[in-house]
Number of protein chains: 2
Amino acid sequence: MTTPTSTQTETQTPDDFLRLDQQICFSLNAASRAFGSVYRVALKDLGLTYPQYLVMLLLWEHGELPVKKLGEHLRLDSGTLSPLLKRLEATGLVRRERSARDERSVVVGLTDEGGALRERALAVPRRIAAATSFDLDEIRDLRARLDKLTAALDSAELETD
Amino acid sequence: MTTPTSTQTETQTPDDFLRLDQQICFSLNAASRAFGSVYRVALKDLGLTYPQYLVMLLLWEHGELPVKKLGEHLRLDSGTLSPLLKRLEATGLVRRERSARDERSVVVGLTDEGGALRERALAVPRRIAAATSFDLDEIRDLRARLDKLTAALDSAELETD
DNA sequence: CACAATTAAGTTGTGCGCAATCTAGTGGCG
DNA sequence: CGCCACTAGATTGCGCACAACTTAATTGTG
């Protein structure tokens, strides 16, 4: 067993801190991956992965966006987006062209096929919502907490400490 | 802009469902990745990635475990664990040997170096906790909700539907 | 005991996430 | 104009997550 000998003094590091701290990030991770499995099934007949689906959501909403903007919305850099977009282009859902105004920028838009896929994607959210068995208020509340947590982590990262 | 023409009838799929549903899983994902960045920094001088750190936590707590048990605790299969453990073995923190009782099983244990690393790891939780700026109750509550969500997603997945 | 079904790890292949680096275009500013 | 800092994307390399498959050991059942 090797039961930790909880020192329990006023200062830091009581022995089982090494379990407590694991909790929140691990739970987060586990939930995220569990969602992944559910989305994987729901998105299978659309031929999309979850990150690809997120890109398509943005394009369905905004019509077209430069890679930079996609990255800002999704918190992803070009190292992740470039190959992902290349795959979406290869499957014919997306079109990429360099902006005329700024030759550095690449604008991503929908092909007809990509636009048409939206119809079939409308069934996805309901399937996901059913799988969570959370009501909308619960979801909203949880989301708010998570966003607050993310913001805290982001700003903590900036500090040199 | 292409503002969706919210149909708003009684049935499902009001148009912007395609944004709402993104929310919870995306927030989850974002929080998980934000944690990843913070852990990456905190674990850097230990020479561990976050998943490797989780394995070490289990070994520090339990002494040694078969790969199967590690996978159950972490929700990971051998496809992920085998190469990860091989890397930990290569850096000298971990020892792997086939069980004598069941030759199929591989038991993972700590080397002296791996055991010694625990001392330095004790500083990690505090750094992480500081970065979240959440108090313990908040953490506990959030964790409970996430675990409930994960359980719901897991059981939903089993249903053939 | 023999042999099929099950189980534990490992392997292979794909895609994501991210750091680090590279390329090329843009925008100052003297 | 010429040079330099900056910016947008792409590329490379590594590790994780997971599906699908392989190999080898074990268990159960006739």
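Letters A, B, ... mirror the listed sequences (proteins, then strands); counts begin at 1. Only this structure's heavy atoms are used, side chains among them; waters, hydrogens and symmetry mates stay out. These numbers come from a predicted model, not from an experiment.
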Give the rounded distance in Å between these two atoms: [atom1] of [X] and [atom2] of [N].
| X | N | atom1 | atom2 | result |
| --- | --- | --- | --- | --- |
| B:Leu74 | D:dA17 | CG | C1' | 13 Å |
| B:Tyr53 | D:dG15 | OH | P | 20 Å |
| A:Tyr50 | C:dG17 | OH | C1' | 15 Å |
| A:Arg40 | D:dA20 | CZ | C1' | 13 Å |
| A:Glu97 | D:dG9 | CD | C1' | 16 Å |
| B:Leu88 | D:dG15 | CG | P | 11 Å |
| B:Asp77 | D:dC21 | CG | P | 15 Å |
| B:Leu43 | D:dC14 | CG | C1' | 16 Å |

Assign each of A:Ala100 and A:Pro51 to its nearest nucleotide of DNA chain C by heavy atoms, then name whichever residue's nucleotide is nearer the 5' end. A:Pro51
In the structure I gave you, are the side-chain heavy atoms of B:Val41 and B:Arg127 within less than 4.5 Å of one another anywhere? yes
Do A:Thr132 and B:Leu153 have side-chain heavy atoms sitting under 4.5 Å apart? yes
Could you pick out which residue, B:Arg75 or B:Arg101, lies toward the 5' side of DNA chain D when each is mapped onto its nearest nucleotide? B:Arg75
Among D:dT26, D:dA19, C:dA19, the one nearest any side-chain atom of B:Glu103 is D:dT26
Just compare D:dA17, C:dC18, D:dG15 and give me whichever is closest to any side-chain atom of B:Arg33. C:dC18
CG of B:Leu110 to CG of B:Leu93, rounded to nearest 0.5 Å, is 8.5 Å
Above 12 or not: heavy atoms from other molecules or residues under 6.0 Å from CG of A:Asp112? no
Only pairs under 3.5 Å count here: list side-chain donor-acceptor contacts from residues 68-76 of chain B, not counting sequence neighbours, and write none if there are none.
| residue | atom | partner | partner atom | Å |
| --- | --- | --- | --- | --- |
| B:Lys68 | NZ | B:Glu72 | OE2 | 3.4 |
| B:Arg75 | NH2 | B:Asp154 | OD2 | 2.1 |

Classify the angle between the aromatic ring planes of A:Trp60 and A:Tyr53 as parallel (below 30°), tilted (30 to 60°) or perpendicular (above 60°). perpendicular
Pairwise ring-ring contact (aromatic ring centres under 6.0 Å, His included) hits with a residue in residues 114-140 of chain B, at least two apart: none
The contact string for nucleotides 3-11 of chain C, one letter per nucleotide 5' to 3', using protein heavy atoms under 4.0 Å with B, S and - for base, sugar-phosphate only and none, comes out as ----BSBBB
